[in-house]
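Scroll down for the structure; my scribbles are underneath it.
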Amino acid sequence: MSYASNDEIRGVLIETGQQHVLLPNATVAEMMSNVQVHPVADAPAWLLGQLAWHGWDVPLMSFARLAGLGEEMVASKNKVVVLKALGGNPRRPYYAMLAQNFPQLISVPRDGLLADASEETLPTGVHMRVLLGERSALLPDLDAVEEALDRAHPVAA
């Protein structure tokens, strides 16, 4: 996460399926709506397709489906968050995540980000569940998400 000040962490909160996902603000490249999605042959159900973005073919994923947290459908009025890949693959510097609403930029006080240890086993692609005041959110394991994308949608050299 990028730091707003010494005592705050800046993030982007999106709704995916029935869950909220907290993404590091620094990983968000762009937020878009009404994006044309092209299918990908033989893709797992969580890989919804790909979209053309600034000259890149960017894979679009459903985090809710990947994590086994419910179904998300690609609608004509979709909302998409394009993320900067952190894995260093120069052939896939970006990927996209489907969102149910427009992302919300939030600043979380460092002492306000509390781990929720109520689950013994976390869903696939989830690093941690956190409490943000009255709300619960998932912190994705972005390395695991990118590894899943690499397995499901290899990029040609």
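Everything quoted here is computed from the prediction, not taken from an experiment. Worth knowing before you read on, the calculation uses all heavy atoms, side chains too, and leaves out hydrogens, waters and symmetry mates.
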**OP:** Given side-chain contact (heavy atoms from CB on, under 4.5 Å), test Y95 with L142 step by step and report yes or no.
**Re:** CA-CA 11 Å; Y95 62 98; L142 297 177; 3.4 Å; yes
Subject >> Minimum-distance pair of heavy atoms, taken over all atoms of K84 and A26 >> reply: NZ-O, 3.3 Å
Original post:
About how many Å separate OG1 of T27 and CG of L83, when rounded to the nearest 0.5 Å?
Top reply: 5.0 Å
Original post:
CG of L149 to CE of M61: how many Å apart, nearest 0.5 Å?
Top reply: 6.0 Å
Original post:
V80 versus W53: any side-chain heavy-atom pair under 4.5 Å?
Top reply: no
Original post:
Got a sec, which pairs hit salt bridge (charged side-chain N to carboxylate O under 4.0 Å, His left out) with one end in residues 53-67, sequence neighbours left out?
Top reply: R65-E71
Original post:
Which pair of non-hydrogen atoms, one from G49 and one from V37, has the smallest distance, and what is that distance?
Top reply: CA-CG1, 3.9 Å
Original post:
Closest heavy-atom contact between L105 and G11?
Top reply: CD1-O, 3.3 Å
**OP:** Decide whether F102 and M97 are clustered together by the hydrophobic rule: side chain heavy atoms of Ile, Leu, Val, Met, Phe, Trp, Tyr closer than 4.5 Å, transitively.
**Re:** no
Original post:
Are the side chain of E146 and the backbone N or O of A85 linked by a donor-acceptor pair below 3.5 Å?
Top reply: no
Subject >> Heavy-atom closest contact (M31 atom, V28 atom, distance) >> reply: CG-CG1, 4.2 Å
**OP:** For residues L98 and W46, determine if any side-chain heavy atom of one lies less than 4.5 Å from a side-chain heavy atom of the other.
**Re:** no
Original post:
Under 6.0 Å from the NE2 atom of H127, do we count more than 12 heavy atoms belonging to anything else shown?
Top reply: no
Original post:
What are the two closest heavy atoms between V58 and A96, and how far apart are they?
Top reply: CG1-N, 3.6 Å
Return all side-chain donor-acceptor pairs below 3.5 angstrom for residues 12-23, not counting sequence neighbours, or 'none' if the list is empty.
{"from": "E15", "atom 1": "OE1", "to": "N101", "atom 2": "ND2", "distance (Å)": "3.2"}
{"from": "T16", "atom 1": "OG1", "to": "A64", "atom 2": "N", "distance (Å)": "3.3"}
{"from": "T16", "atom 1": "OG1", "to": "E72", "atom 2": "OE1", "distance (Å)": "3.0"}
{"from": "T16", "atom 1": "OG1", "to": "E72", "atom 2": "OE2", "distance (Å)": "2.9"}
{"from": "Q19", "atom 1": "OE1", "to": "R129", "atom 2": "NH1", "distance (Å)": "3.0"}

**OP:** For G125 and A144, work out which heavy atoms get closest and say how close.
**Re:** CA-CB, 4.4 Å
Original post:
Say you draw a straight line from CG of L51 to CG of L60; how long is it, rounded to the nearest 0.5 Å?
Top reply: 6.0 Å
